[in-house]
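Data block below; observations after.
All chains are named by letter (A, B, ...) in the order of the sequence lines, taking the proteins before the strands, and each is independently numbered beginning at 1. It should be emphasised that the depicted structure is a prediction, and the values quoted were computed from it without experimental measurement. Computed from heavy atoms alone, side chains included, the values below leave out hydrogens, waters and symmetry copies.
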2 protein chains.
Amino acid sequence: MARIISTKNTSKKDVIIKKAAFLFTKKGFASTSMRQLADHIGVEASSLYNHIGSKNELLQTICFKVANDFTTQLHQIAETDLSFTQKWEQIIRFHISMMLNHYEEVFVANHEWKQLEDPFLSNFLHQRKLYESRLVEWINAGIQKKEFRNIDPHVAVLTILSAVRGLEFWHRHKKNINTKKLESAMLDHLLFGLIKK
Amino acid sequence: MARIISTKNTSKKDVIIKKAAFLFTKKGFASTSMRQLADHIGVEASSLYNHIGSKNELLQTICFKVANDFTTQLHQIAETDLSFTQKWEQIIRFHISMMLNHYEEVFVANHEWKQLEDPFLSNFLHQRKLYESRLVEWINAGIQKKEFRNIDPHVAVLTILSAVRGLEFWHRHKKNINTKKLESAMLDHLLFGLIKK
DNA sequence: CCTACCGATCGGTAGG
DNA sequence: CCTACCGATCGGTAGG
C-alpha cells in the first residue's frame with residue numbers, strides 16, 4: 001500500500017531516478033538490483049515498472065541529463081565575448097559546481113556510462129568527444145592570443161578535466177570545506193601551478 | 001582439453017588474474033561473469049576454481065597488488081634526501097608510468113575497489129588514506145621550505161592525483177603519443193600552471 | 001581439465 | 001500498488 005511520494009515539481013519517476021543515482025553511485029549500476037532500489041523507495045520491485053521502462057532506461061536518463069547540462073553550459077559560455085582565460089575559468093567553475101551540487105548524477109555519468117547499450121553508448125561517447133574538442137580549441141585560441149603558456153592543448157584539457165573530476169573524492173571524504181574556497185584553490189592550482197617563482 | 005598456458009615466470013593463476021583485470025576494466029567487476037572469464041581463457045568456468053578461490057579473491061589480488069606497488073614506491077622516495085619538488089616529480093612520474101604500463105590493474109584498483117568486501121575494503125581504504133596523508137605532508141614541507149606557493153595542501157594533492165588518474169582516458173583513446181613527452185607535459189602543467197606570466 | 005548440477009538471484013510480466 | 005511467477009544467469013561444488 002506504500003506509495004511513492006511525488007510533488008508538483010517532482011514526479012514519481014523523478015523520485016525513482018534520484019534514488020537510482022544514489023544507489024548506482026554507492027554500489028555501481030550492475031550491483032544494484034531493482035529489488036534493492038524498490039526497497040529504498042518503499043515499494044515492491046514490480047511497482048517500479050508502472051513509472052519506468054527498464055533498469056537500463058534509468059541509466060540512460062541519468063547519463064544524458066548530465067551530458068546535456070554540460071553541453072548546454074559550454075555553448076552558453078562559447079557565445080560570450082569573454083577572454084579565453086575567463087571562458088576557462090567559467091567552465092571550470094561550472095564543473096566544480098556540478099560536482100558539488102549534483103554529485104550522484106555526475107558520478108554515475110562519469111563511472112557507469114560503460115554499461116549503456118548501443119545506440120546510447122555511441123551517442124554518449126560522441127557527445128563527450130565533441131565537448132572535449134571544443135575545449136581543446138579554447139586552449140589553442142588562448143595560446144595564439146598569448147594568454148596561455150605554450151603547452152600541449154590535449155594534455156591541458158585532460159589535466160584540467162581530470163583534476164576537477166577528482167572532487168568526487170572530496171565529496172566522499174565529507175570534509176566540510178568552504179565551497180567557494182575549494183573552487184578558488186583548485187582554479188588557482190590549475191591556472192598558476194605549484195611552484196613558487 | 002584446453003589448458004591454461006603457463007610459463008616459468010607466469011603461473012596459471014597469473015594468467016587468470018591478468019585476463020580478469022582486462023575484463024574488469026572493460027565491463028566492470030560485477031558485469032563480468034566467471035563464464036565470460038573462462039571463455040576468454042579457453043576453459044570451462046569450473047576449471048578456474050582449481051587455480052583460484054573465488055571471484056572476489058581475484059579482485060582482492062589485483063587491488064592490493066596495485067596498492068602495495070604505490071606504497072612501496074612512496075617509501076623509497078621518502079627515504080631519499082631529494083628536495084620536495086624532486087620528490088613530487090618522482091612520485092608523479094611513477095603514477096604516470098604505472099598508468100601507462102599497468103593500465104588495467106590500476107584501473108581496476110581505482111574503479112572497482114568498492115566491490116571489495118570487509119575486511120578487505122577497510123584495509124584498502126586505510127592504506128589509501130595513509131598514502132594521501134604522506135603526500136599532504138610533502139606539500140606542507142615544500143611550502144615551509146619556500147619551494148612551493150602558499151596553496152591549500154589537500155587541494156593540491158587532490159588536484160595532482162586526479163589529473164594523473166585522468167591518463168586512463170588517454171589510454172582509452174589510444175593516441176600513440178610519445179610517453180616521455182606526455183609525462184613532461186602533464187608535469188609541466190601541474191607544476192607551473194596554464195597562465196603565461 | 002570437464003560434465004552435470006545446485007540454490008540464489010536477476011530483470012521483467014501477467015493479472016487483478 | 002501488490003502477489004505470483006517466468007526464464008535466464010549467476011558463483012560455486014561434487015565427482016571423476
Point to revise | Residue whose closest nucleotide on DNA chain D lies nearer the 5' end, B/Gly53 versus A/Gly42 | key: A/Gly42
Check your understanding: Under 3.5 Å, is there a donor-acceptor pair between the side chain of B/Lys114 and the main chain of A/Thr25?
Key -> yes
**Study point:** Spacing of A/Phe29 atom CZ relative to C/dG11 atom P, expressed in whole Å
**Key:** 8 Å
**Study point:** Geometric cation-pi criterion B/Arg93 and B/Trp88, 6.0 Å radius, 45° cone
**Key:** no
Point to revise | N/O donor-acceptor pair under 3.5 Å between A/Gln86 side chain and A/Ser83 backbone | key: yes
Exercise for review: Write down the distance between CG (B/Asn56) and C1' (D/dG12), rounded to a whole number of angstrom.
Suggested key: 12 Å
Practice item. Scan A/Ser31 against the nucleic acid and name what it touches under 4.0 Å (heavy atoms): base, sugar-phosphate only, or nothing. Key: nothing
Point to revise | A/Val43 side chain, from C-beta outward: closest of D/dC1, C/dG12, C/dC1 | key: D/dC1
Point to revise | Distance in angstrom units between A/Leu48 CG and C/dG11 P, rounded | key: 10 Å
Point to revise | Spacing of A/Glu44 atom CD relative to C/dT13 atom P, expressed in whole Å | key: 17 Å
Practice item. Look at B/Asp69 together with B/Lys65 and state whether they make a salt bridge at an N to O cut-off of under 4.0 Å. Key: yes
Check your understanding: Whole-Å distance between C/dT13 C1' and A/Ile52 CD1?
Key -> 14 Å
**Study point:** A/Arg149 side chain vs B/Gly193 backbone, donor-acceptor pair below 3.5 Å
**Key:** yes
Revision key, fill the gap. Here the distance between atom P of D/dA4 and atom OH of A/Tyr49, to the nearest Å, is 19 Å
Study note, to complete from the structure: Testing D/dC10, C/dT13, C/dC2 for proximity to the side chain of B/Ser33, the answer is D/dC10
Review point. So which nucleotide does D/dA8 pair with, by the Watson-Crick or G-U wobble rule with both distances under 3.5 Å?
Key: C/dT9
Check your understanding: So which nucleotide from C/dC1, C/dT3, D/dT3 ends up closest to the side chain of A/Ser46?
Key -> D/dT3
Point to revise | Among D/dG12, C/dC2, D/dC5, the one nearest A/Arg35 by side-chain distance | key: D/dC5
Point to revise | Residue met sooner reading DNA chain C from 5', once A/Met34 and A/Asn50 are mapped to nucleotides | key: A/Met34
Exercise for review: Measure from NZ on B/Lys12 to C1' on C/dC1 and round the result to the nearest Å.
Suggested key: 9 Å
Check your understanding: To the nearest angstrom, how far is A/Ile41 atom CD1 from D/dC2 atom P?
Key -> 11 Å
